[in-house]
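Read through the structure below, which is laid out as C-alpha cells, and then see the notes.
Numbering of ligands and ligand atoms starts at 1, following listing order. Residues: numbered from 1 along the sequence shown. No hydrogens, no waters, no symmetry mates; every other heavy atom, side chains included, goes into these values.
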Amino acid sequence: MNVVLYNPRAQRAHRRLPLSVLALARVIPPGFPWALVDENVDPDSGAALERLCGQPDAVLFVTVMPGPQLRVAVPTCRALKARYPGLRIWWGGYFPGIHVDACLADPMIDGVALGLGEGVIPALLHALEGGHDLAEVPGIAFRRGAGVHRTASTPMRPSASFADFPYERLDMDRYAARTFLGERTFNHHTSVGCPYVCNFCAVVNVYEGRWLPDPAEHVVRVTQRLVREYGATGIEFHDNNFFAWEKRTAEVAAGITKLGVAWWGEARIDTMLGFSGETWEAMARSGLRMVFYGAESGDDEVLARMDKGGLRVADIGSLNRLARRHGVRPEFSFVLGTPGDPLQEAERTFSLIRTLKRENPDCEIILYLYTPVPLPGMYDTAKAGGFSFPATLDDWVGPVWSTFAQRRNPLTPWITPELIRRVADFETVLNARFPTHTDIRLGAASRRGLQVLGKLRWEAAVFRAPLELRILHRLLRYRRPEEMGF
Ligand code: B12
C-alpha cells in the first residue's frame with residue numbers, strides 16, 4: 001500500500017514545516033512506502049499528486065484547516081477521486097475533526113480522523129491493507145449504512161514520546177523562512193493541547209483542557225538540531241500555549257541561550273504575570289523576541305463571559321508594562337463582536353488599545369471578530385439567533401463561508417455592518433500609525449510615510465472613513481498582522 005501525505009496550499013507567503021503531516025509520517029509502520037506533497041513549497045505538487053495517487057493501492061492522507069486550505073483541498077481531492085476511483089482519501093486536522101458530518105456527506109472522502117493522528121495511522125493502514133473492520137481502528141469516523149460511525153480514541157500521548165519529525169526527508173532550505181525573527185526561521189511544536197477551556201477558542205473541542213508538554217530537554221535537543229543541522233536563526237513555537245508551565249519555560253530558555261536563536265511563542269497573560277523576575281530575565285536573555293497573548297477584550301464583563309480564568313482589563317496593562325521592562329514585545333490579540341453590546345465593547349477595546357500603545361508603542365495589536373465554535377455559551381446564543389454551520393463542503397467553500405473561517409465575516413446574528421465598518425476603520429488608522437513589525441518587506445521610507453499620515457488621525461482620534469490610509473496601504477501592499485498569523 002502506497003501512502004501519500006498531502007498538505008494543501010494554505011496562505012501566500014507561509015513557508016512553514018508541515019508538522020501535521022510530518023507527525024503522521026513518523027508513525028507509518030515499516031513496509032508502507034510514503035511520500036509527502038506540500039503544495040506550499042512544491043511548484044510541481046499537482047503533477048506529484050497525480051503520479052503518486054495513480055499508484056496501485058494508494059491512500060491519500062490530507063490535513064485540512066478551515067479557510068483557504070479547505071478551498072484548495074476540496075477540488076483537488078474531488079479531481080483525484082474522479083480520476084482514480086480506487087484511491088482511498090482520509091482527512092484529518094482541525095476542520096475534519098470538528099465538522100465530521102459535512103466531510104462525510106461528501107462521497108469523495110472515505111473517512112476522517114477525529115483527533116491526533118499518531119494513534120490512528122498504524123491501525124488504519126493495517127486495517128485498510130488487510131480489509132479488516134474499520135470499527136476496530138481508534139479515533140476515526142466513516143460512513144456505515146445510512147449513518148456515520150465514530151470509534152473511541154486512544155489516550156493522547158505527548159509528541160516527544162514518538163520519533164522525531166523526519167526532517168531528513170524534506171528539502172529543509174525550502175522551509176527556512178525570512179521573518180522578523182531572522183533570515184532562517186523554522187517552526188516547531190512542543191506540546192499537545194491547551195490546559196484552558198476559554199469558551200470561544202477553536203481548540204477546546206479537540207483537547208477539552210488537556211495539555212501534554214514535551215520535556216524541556218527534548219525541546220532543547222530539537223532546537224539544537226534545527227540550529228546545527230539546518231542553520232536556524234529563528235524559531236516560532238506554534239504551540240497553542242508554549243508557556244503554560246514556568247519551570248519548563250525556564251529550563252528551555254536556559255538550554256537554548258547559547259544557541260543565539262530569536263524565538264516566539266503563545267501565552268496567557270495571567271500565567272506570564274505570575275512568572276518570576278528571574279524567569280523573565282532568562283527568557284529575554286535566551287532570545288525571546290515576541291509573545292502572542294489572547295487579550296480578547298477591553299471590557300471586563302466580556303472577559304468574564306469568555307471564561308478567561310478571571311482575567312481583568314487591568315491585567316493586560318500590567319503585562320504590557322512588564323514585558324516592556326524586559327524588552328520582550330507583546331502581541332495582543334483581540335476578539336471583537338461577541339454577543340451583548342458589541343459596539344460599546346469595541347469602543348472600550350479601542351480605548352484600551354490606545355492606552356497600550358501610549359504605554360508601549362512597540363506592542364503589536366491583532367483584531368479578529370468572534371467566529372462561533374461549537375462550545376456551550378456564546379455559540380448557544382448564536383444558534384438561538386439562527387446561526388448554523390453549513391452541512392456540505394460545497395457550502396463551506398462557497399463565497400460566504402470561506403471568509404468566515406478567517407474570522408473576518410462571522411455571520412453571527414448580532415453583528416451589524418456598522419460594527420464591521422468601525423473595526424475596519426480603527427484598524428486602518430492603527431496600522432498606519434503603528435505599522436506592524438512582522439511585515440518585514442515594508443521599507444523604512446514606507447513605514448515612515450504611513451506613520452506620518454496615520455499620526456494625524458490617531459492623535460485627533462478621528463477614525464471614520466480613512467480612505468487616504470487605505471489607498472496608501474494598498475499601494476504599499478501592507479500585510480495586516482492577522483493575515484500573517486495562525
Ligand atoms: C501552523 C498553523 C497555520 C499555518 C499553516 C501551515 C501549514 N499547514 O502548512 C498558517 C499560518 C498558514 C495558518 C493559517 C490559518 N490558520 Co492555522 N494554525 C497553525 C498552528 C499554529 C499550528 C498547526 C500545527 O502545525 N500543529 C502541530 C501538529 C503536529 O498538530 P496538528 O496540526 O493538530 O495535527 C495533528 C492532528 O490534528 C492530526 N491530523 C492533522 N491532519 C491530519 C490528517 C490525517 C489524515 C490524520 C489521520 C490526522 C491528522 O494529527 C496530527 C498529529 O497529531 C495551529 C495551532 C496549533 N497549535 O495547532 C493553527 C490552527 C490550526 N489554525 C487555525 C486557523 C483558524 C487558521 C486560519 C483559518 C485563521 C486565520 N488566521 O485566518 C488561517 C488560514 C488557514 C489557511 N490558510 O488555510 C485554527 C483552527 C481552528 C479550528 N478549530 O478550525 C488553529 C487551531 C489556531 C487556533 N487556535 O485557532 N495556520
Completion exercise
Going by the 4.0 angstrom heavy-atom rule, the piece of V203 near ligand 1 is side chain
Problem - Side-chain H-bond candidate by donor/acceptor type, T185 with E236, under 3.5 Å - result: no
Problem - Polar side chain donor-acceptor pair, Y293 to E266, under 3.5 angstrom - result: no
Practice task
Report yes or no: is the cationic atom of R225 (NZ for Lys, CZ for Arg) closer than 6.0 Å to the six-membered ring centre of Y167, at no more than 45° off its axis?
Solution key: no
Exercise for the section: Look only at interatomic distance and state if W91 has a nitrogen or oxygen under 3.5 Å from any nitrogen or oxygen of ligand 1. Expected result: no
Handout entry: ligand 1 contact on F165 by region, counting heavy-atom pairs under 4.0 Å
Key = neither
Practice task
Report the C-alpha separation of W396 and F95 in whole Å, then their side-chain angles, then the decisive distance to 0.1 Å, and conclude whether the ring-ring contact (aromatic ring centres under 6.0 Å, His included) test is met.
Solution key: CA-CA 10 Å; W396 269 109; F95 180 81; 5.1 Å; yes
Problem - Ring-face cation of R157 near F162 (centre distance under 6.0 Å, axis angle within 45°) - result: yes
Exercise for the section: For W90, take its heavy atoms, then give the atoms of ligand 1 lying under 4.0 Å from any of them. Expected result: 45 (C)
Practice task
Could you walk me through whether F237 and W264 pass the ring-ring contact (aromatic ring centres under 6.0 Å, His included) test, one step at a time?
Solution key: CA-CA 6 Å; F237 288 108; W264 171 96; 9.1 Å; no
Completion exercise
The atoms of ligand 1 lying under 4.0 Å from a heavy atom of P68, numbered in the order shown, are 74 (C), 75 (C), 76 (C), 77 (N), 78 (O)
Handout entry: From the candidates Y368, F95, F61, Y6, the one that places a heavy atom nearest atom 45 (C) of ligand 1
Key = F61
Exercise for the section: Give the single entry among H188, E39, R16, H238 that approaches atom 1 (C) of ligand 1 most closely by any heavy atom. Expected result: H238
Exercise for the section: Below 4.0 angstrom from a heavy atom of L19, which ligand 1 atoms are there? Numbered from 1 as shown, please. Expected result: 25 (O), 29 (C)
Exercise for the section: Kindly identify the option in G117, G97, G93, G193 whose heavy atom sits closest to atom 50 (O) of ligand 1. Expected result: G117
Practice task
May I ask you to establish whether R15 and F186 are in a cation-pi arrangement, using a distance under 6.0 Å from NZ or CZ to the six-membered ring centre and at most 45° from the ring axis?
Solution key: no
Practice task
Give the contacting part of A113 toward ligand 1: side chain, backbone, both or neither, where contact means a heavy-atom distance below 4.0 Å.
Solution key: side chain
Handout entry: Donor-acceptor side-chain pairing of T63 and N7 below 3.5 angstrom
Key = no
Problem - Residue selection (non-hydrogen contact nearest atom 68 (C) of ligand 1) among G67, G92, P66, C194 - result: P66
Completion exercise
Quick look: P18 vs ligand 1, heavy-atom contacts under 4.0 Å, and the answer is neither
Practice task
Using a 4.0 Å heavy-atom threshold (strictly under), name the region of D38 that reaches ligand 1: side chain, backbone, both or neither.
Solution key: neither
Exercise for the section: Output the list of atoms in ligand 1 that are nearer than 4.0 Å to some heavy atom of L116, sorted by atom number. Expected result: 50 (O), 53 (O)
Handout entry: Intermediate values then yes/no, side chain to side chain contact (heavy atoms under 4.5 Å, CB included), V252 and M283
Key = CA-CA 9 Å; V252 170; M283 293 189 304; over 6 Å; no
Exercise for the section: Examine ligand 1 and decide if any of its atoms is less than 4.0 Å from a heavy atom belonging to C201. Expected result: no
Exercise for the section: List every atom of ligand 1 that sits less than 4.0 Å from any heavy atom of Q69, numbering the atoms from 1 in the order shown and giving each element. Expected result: 8 (N), 76 (C), 78 (O)
Exercise for the section: Before giving the answer on ring-ring contact (aromatic ring centres under 6.0 Å, His included), spell out for F142 and H149 the whole-Å C-alpha distance, their side-chain angles and the decisive distance to 0.1 Å. Expected result: CA-CA 5 Å; F142 55 94; H149 184 79; 5.3 Å; yes
Fill in the blank from the handout: Quick look: N187 vs ligand 1, heavy-atom contacts under 4.0 Å, and the answer is neither
Problem - Ring geometry between F426 and F350 (parallel below 30°, tilted from 30 to 60°, perpendicular above 60°) - result: parallel
Fill in the blank from the handout: Under 4.0 Å from one or more heavy atoms of I98, ligand 1 contributes atoms 83 (N)
Handout entry: Part of L70 within contact of ligand 1 (heavy atoms, under 4.0 Å)
Key = neither
Exercise for the section: Measure V62 to ligand 1 on non-hydrogen atoms and call it side chain, backbone, both or neither using the 4.0 Å cut-off. Expected result: backbone
Problem - Axial cation check for W34 ring with R169, 6.0 Å and 45° limits - result: yes
Fill in the blank from the handout: Closest to atom 41 (N) of ligand 1 by heavy-atom distance, out of I140, T63, T371, is T63
Practice task
Out of M156, M65, E118, indicate the one that has the non-hydrogen atom closest to atom 5 (C) of ligand 1.
Solution key: M65
Completion exercise
Here the atoms of ligand 1 under 4.0 Å from any heavy atom belonging to A23 are 52 (C)
Practice task
Could you list which atoms of ligand 1 come closer than 4.0 Å to a heavy atom of A10?
Solution key: 12 (C), 77 (N), 78 (O)
Exercise for the section: Take the angle between the ring planes of F389 and W401 and call it parallel below 30°, perpendicular above 60°, tilted in between. Expected result: tilted
Practice task
Evaluate the criterion side chain to side chain donor-acceptor pair (under 3.5 Å) for residue pair R479 and T438; output intermediate values, then yes/no.
Solution key: CA-CA 9 Å; R479 286 188 189 165; T438 58; over 6 Å; no
